[in-house]
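These notes concern the structure reproduced below.
Chain letters run A, B, ... following the sequence lines, proteins first and then strands; every chain starts at 1. Reckoned from all heavy atoms, side chains included, excluding hydrogens, waters and symmetry mates.
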There are 2 protein chains.
Amino acid sequence: MKIKSQKLSKNEKVVLEVVKKSNGPIKAYTILSDVKKNGLKAPPQVYRALDKLIKKGKIHRIESKNAYLDCQNSKCKTSSRTAFSICQKCEKVTEIINTKLSKFLSNFKDDAGKEYQKYNLEFYGICKKCKS
Amino acid sequence: MKIKSQKLSKNEKVVLEVVKKSNGPIKAYTILSDVKKNGLKAPPQVYRALDKLIKKGKIHRIESKNAYLDCQNSKCKTSSRTAFSICQKCEKVTEIINTKLSKFLSNFKDDAGKEYQKYNLEFYGICKKCKS
DNA sequence: TATAACTTGTTATAATATAACACTTTTATG
DNA sequence: CATAAAAGTGTTATATTATAACAAGTTATA
């Protein structure tokens, strides 16, 4: 089994830094305006970096928000099994790292007996801070 | 507890028919070009109908595809707890209706002990047909 | 009938994402 | 090392997805 290189290119590093330092999910065009000081100028440069970073397990895409979040899971080597908690008020997003959940979903068989190597789960609710 | 009306407006009916008769997830602008023969002309008319239909539990949005699918679950009264199987080859999408899964996710407590009223789960794999 | 809530029609534009092509850099390997 | 293949970059243009804003019509019902 060939292991995908985790080495990052110049643009990938630049984009990853921006995603990391953002406090929560960040949008592609927000990243773009930020990385302009690093010489990047056009959307494809950002989107290409984002795609690679996702494949390399460095960041995740929050599908329901068209936004990107750096991976909090030190053990995460891929982008294949993800779960998030999303606050419907403040829009805060947290990655859920929970063995019971990931085991259940990884072992889940549908009615045809099929298992899945890849999933994305998004939970929606009101976070602690917004409740109080 | 007030029950949300399931009554559909004219445009909602028109859009729902198009989603229903489509063989799988359908895009907003595909719907638009289809409903032009019914007199609808502009994106907002379609998007408004889609939003309402989702809230009324008649259709679902497949987040990772920006596409819409009619709800297969006769018992589905809301859009709050959804699970789908998505083929990575042919892009076929099937709604997963599985009590074990929905129970597990509805009862799931995160590390803070929090439960969620709403979730969306997307499984990715290769469907039977594409495998053979 | 008045009025509030909902629905529609319309134009314009915002936000998100990719195609296509030329060029450069890095990596692998004969 | 040479050099070819693969990966990465820069750029322009354009495609795709979605919403803002406003005016007007319709429906429910107090």
B/E12 atom CD is separated from D/dT27 atom P, nearest whole Å, by 14 Å
With the criterion being N/O to N/O and under 3.5 Å, what pairs connect the protein with nucleotides 18-29 of chain C, and how long is each?
residue	atom	partner	partner atom	Å
C/dT27	OP1	A/K7	NZ	2.7

Would you tell me if any nitrogen or oxygen in the side chain of B/N66 comes within less than 4.0 Å of OP1 or OP2 on C/dT16? no
Could you give the NZ-to-C1' distance, from A/K41 to D/dT9, as a whole number of Å? 12 Å
What does B/K52 touch in the nucleic acid at a heavy-atom separation under 4.0 angstrom: a base, only the sugar-phosphate, or nothing? sugar-phosphate
ring-ring contact (aromatic ring centres under 6.0 Å, His included) contacts touching residues 86-109 of chain B (sequence neighbours left out): A/F104-B/F104, A/F123-B/F108
Hey, mind stepping through A/E12 and A/K58 against salt bridge (Lys or Arg N to Asp or Glu O under 4.0 Å) and telling me if it holds? CA-CA 10 Å; A/E12 287 160 26; A/K58 299 299 184 191; over 6 Å; no
Taking OP1 and OP2 of D/dG8, is either one under 4.0 Å from a side-chain nitrogen or oxygen of A/K10? no
Is the phosphate of C/dT8, meaning OP1 or OP2, less than 4.0 Å from a side-chain N or O of B/Q45? no
Among residues at least two apart in sequence or on other chains, which ones pass salt bridge (Lys or Arg N to Asp or Glu O under 4.0 Å) with A/E17? none
Can you check the A/E63 CD to D/dA18 P distance for me, whole Å? 12 Å
OP1 or OP2 of C/dT8 versus the side-chain N and O atoms of B/S9: is any pair under 4.0 Å? yes
Dump the intermediate steps for salt bridge (Lys or Arg N to Asp or Glu O under 4.0 Å) on A/E63 and A/R61, then the final yes or no. CA-CA 6 Å; A/E63 296 290 351; A/R61 180 178 153 84; 3.0 Å; yes
Looking only at side-chain N and O atoms, does A/R61 come under 4.0 Å of OP1 or OP2 in C/dT16? no
Please confirm whether the backbone N or O of B/V18 pairs with a side-chain atom of B/S22, one donor and one acceptor, at under 3.5 Å? no
Taken to the nearest whole Å, CG/B/L8 to C1'/C/dC6 is 14 Å
Does OP1 or OP2 of D/dG10 have a side-chain N or O of A/N11 closer than 4.0 Å? yes
Could you check how far NZ of B/K55 sits from C1' of C/dC6, rounded to whole Å? 13 Å
Determine whether A/L16 and A/V93 fall in the same hydrophobic cluster, where Ile, Leu, Val, Met, Phe, Trp and Tyr are linked whenever their side-chain heavy atoms lie under 4.5 Å apart. no
For atom CD1 of B/I26 and atom P of D/dA18, their distance in whole Å: 13 Å
So does B/Y68 get a side-chain nitrogen or oxygen closer than 4.0 Å to the phosphate oxygens (OP1/OP2) of D/dA18? yes
Five-pair end axes of the helix from C/dT1-D/dA30 to C/dG30-D/dC1, angle between them (10°): 40°
For A/Y68 together with A/H60, are the ring centres under 6.0 Å from each other? no
Considering residues at least two apart in sequence or located in another chain, which fulfil the salt bridge (Lys or Arg N to Asp or Glu O under 4.0 Å) criterion with B/K21? B/D34
Distance in angstrom units between A/L32 CG and C/dA17 C1', rounded: 12 Å
Hey, is the side chain of A/K27 poking within less than 4.0 Å of OP1 or OP2 on C/dA15, counting only N and O atoms? no
Stepwise side-chain contact (heavy atoms from CB on, under 4.5 Å) test for A/L69 and A/I59: CA-CA 5 Å; A/L69 185 67; A/I59 65 173; over 6 Å; no
Test salt bridge (Lys or Arg N to Asp or Glu O under 4.0 Å) applied to A/K27 - qualifying residues, sequence neighbours left out: none
Using whole Å, what does the distance between atom P of nucleotide C/dA17 and atom CD1 of A/I31 come to? 10 Å
